[in-house]
Undergrad: 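This is the structure I have questions about; it appears just below.
Quick note: numbers below take in every heavy atom, side chains included, and nothing from hydrogens, waters or symmetry partners. For clarity, every value in this text was computed on a predicted model and none was experimentally measured. Chain naming here is simple, since letters A, B, ... match the order of the sequence lines and numbering starts at 1 in each.
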Amino acid sequence: MRRRAILGYGAAGVGAVALMLFVGWWQVDGPGGPEPVGQRPMALTEMDFRLTDHEGNAVGPETLIGRPTMVFFGFTYCPDVCPTTLSDISGWLDDLGDEADEMNVVFITVDPERDTVEAMAEYVGYFHPGIRGWTGPEEQIARVADGFRATYERVPAESGDYTMNHTASVFLFAASGRFVTMIDYHEPKEFAVPKIRRALEEEMEGAT
Amino acid sequence: MKKYILTGTLAVLLTFGGLSVPALAGPEDVVVENAWSRASIGMNRPGAAYMAIRNTGDEPVTLIGLTTPLAMMPEIHETKTNAEGVSSMSPAGEIAIAPGESVALEPGGLHAMLMRLKEPMTEGDTFPLTLLFDDGGEVTVHVPILGIAARGPED
């Protein structure tokens with residue numbers, strides 16, 4: 001009888017320690033932990049830039065407030081990473097179905113020299129219809145990248161052209177403009193779609 | 001030099017080389033599977049093709065280059081993404097494939113980069129792509145061109 005009680009306390013103690021360890025992990029290293037300082041993108045409400053979408057409309061960070069937002073940087077002369085990410089995004093949007101209609105999905109070029117409004121219009125037309133393409137003057141693109149803590153760099157190619165190195169992660173923001181999380185390049189759908197849902201759910205919480 | 005035309009869409013390909021002397025490595029021991037590429041927008045942008053290259057022989061083989069009537073500068077490139085999430089792309093150089101091993105050219109990694117296209121890559125077409133090996137052997141694959149938003153060979 002007494003022995004059983006001790007065993008019971010022991011089990012409860014082990015459970016409590018495990019719970020504390022789990023809570024600690026969650027808050028420090030786990031999904032509840034803070035993003036590394038310095039790399040965390042600004043809130044959309046703190047950003048300031050002027051671009052043009054693929055239909056010729058003037059757009060800026062304020063265009064995105066009010067709906068959850070997914071942003072990806074790239075360029076249309078990119079043969080591998082960009083079409084792969086845009087088709088990944090198209091697949092995620094297909095998975096989300098109607099929920100995807102409530103999101104802004106924006107592809108921002110880091111190569112405005114070649115990616116004119118017309119080039120962006122043609123390019124995004126091949127992917128999910130929800131995807132918008134934004135371009136603009138070089139100094140405005142630089143301001144966007146600064147706000148997102150994204151980087152890009154022009155690199156000469158042997159063919160005489162040039163290519164662009166760029167941040168290939170997908171950025172997720174809540175409807176309030178608050179940064180939620182990032183999806184890494186080519187992250188599997190099983191991880192990506194729940195992250196998008198997190199950004200979508202945050203909108204619901206904000207609305208109630 | 002033997003030269004085989006392989007059809008990339010089939011998972012199992014004909015390799016006449018299986019009948020030749022097994023001790024000699026060379027393109028007769030190379031099997032290319034699941035080749036595919038994405039359609040291009042016009043001719044100014046580079047294209048990319050993907051496939052699995054398998055060495056079924058007993059000796060290593062080394063892929064040293066590509067040729068195709070489709071592009072003036074076809075080359076194996078590799079995309080790398082660093083810890084900060086920044087992707088970059090550079091020529092991959094020679095690719096050695098050990099006996100029994102295979103090398104995957106797939107999105108986000110190695111790919112056949114087709115620079116300076118001579119004609120647009122049109123969905124539904126195929127184009128020949130010849131892999132050149134260091135022993136002078138070559139293997140030609142017919143690569144199907146899928147849609148721009150294709151994600152893999154089965155799309």
Undergrad: Working to the nearest 0.5 angstrom, can you tell me the gap between Asp161(A) CG and Arg116(B) CZ?
TA: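 The CZ atom of Arg116(B) is 8.0 Å from CG of Asp161(A), to the nearest 0.5 Å.
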Undergrad: Which answer fits Thr76(A), side chain, backbone, both or neither, if we ask what part of it has an atom under 4.5 Å from a heavy atom of chain B?
TA: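 For Thr76(A), the contact with chain B is made by backbone and side chain together.
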Undergrad: Judged by atom type as modelled, is there a donor-acceptor pair below 3.5 Å linking the side chain of Arg45(B) to the main-chain atoms of Pro79(A)?
TA: no
Undergrad: Could you grab the distance from atom OG of Ser88(B) to atom CE of Met164(A), nearest 0.5 Å is fine?
TA: 12.5 Å
Undergrad: Please classify the contact of Tyr185(A) with chain B as side chain, backbone, both or neither, using a heavy-atom distance under 4.5 Å.
TA: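 Contact with chain B is through the side chain of Tyr185(A) alone.
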Undergrad: Look up atom CZ in Arg151(B) and atom OG in Ser90(A), then write down how far apart they are to the nearest 0.5 Å.
TA: 6.5 Å
Undergrad: Please state whether the side chain, the backbone, both or neither of Ile41(B) comes within less than 4.5 Å of a heavy atom of chain A.
TA: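 Side chain only.
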Undergrad: Measure distances from Thr163(A) to the heavy atoms of chain B and classify the residue's part below 4.5 Å as side chain, backbone, both or neither.
TA: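 Side chain only.
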Undergrad: Looking only at heavy atoms and a cut-off of under 4.5 Å, which of Gly109(B), Pro46(B), Ala48(B), Pro91(B) has the most pairs with chain A?
TA: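 Among Gly109(B), Pro46(B), Ala48(B), Pro91(B), the one with the most close pairs to chain A is Pro46(B).
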Undergrad: For chain B, which of Gly91(A), Ala157(A), Gly160(A) has the most heavy-atom pairs under 4.5 Å?
TA: Gly91(A)
Undergrad: Quick one: CG on Asn82(B) to OG1 on Thr151(A), what's the gap to the nearest 0.5 Å?
TA: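 It is 7.5 Å, given to the nearest 0.5 Å.
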Undergrad: By a 4.5 Å heavy-atom criterion (distance strictly below it), what part of Asp184(A) contacts chain B: side chain, backbone, both, or neither?
TA: neither
Undergrad: Which heavy atom of Ser87(A) sits nearest a heavy atom of Ala150(B), and at what distance?
TA: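 Looks like OG-O, 3.8 Å.
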Undergrad: Measure distances from Phe73(A) to the heavy atoms of chain B and classify the residue's part below 4.5 Å as side chain, backbone, both or neither.
TA: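 Looking at Phe73(A), nothing touches chain B.
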Undergrad: Looking at Val86(B), Asn44(B), Thr81(B), Thr79(B), which makes the most heavy-atom pairs under 4.5 Å with chain A?
TA: Val86(B)
Undergrad: Go through the steps to decide whether Phe127(A) and Ile148(B) satisfy the test side-chain contact (heavy atoms from CB on, under 4.5 Å), and finish with yes or no.
TA: CA-CA 8 Å; Phe127(A) 298 93; Ile148(B) 292 183; 3.5 Å; yes
Undergrad: Applying a criterion of heavy atom separation less than 4.5 Å, what residues of residues 97-105 of chain B form contacts with chain A?
TA: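 Contacts with chain A: none.
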Undergrad: Is there side-chain contact between Asn165(A) and Lys80(B), with at least one heavy-atom pair below 4.5 Å?
TA: no
Undergrad: At a 4.5 Å cut-off on heavy atoms, which part of Ser87(B) comes close to chain A: side chain, backbone, both, or neither?
TA: both
Undergrad: Tell me, for Met89(B) versus chain A, whether the close heavy atoms (under 4.5 Å) come from the side chain, the backbone, both or neither.
TA: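 For Met89(B), the contact with chain A is made by backbone and side chain together.
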Undergrad: Based on non-hydrogen pairs under 4.5 Å, which of Ala168(A), Cys78(A), Ala150(A) is most in contact with chain B?
TA: Ala168(A)
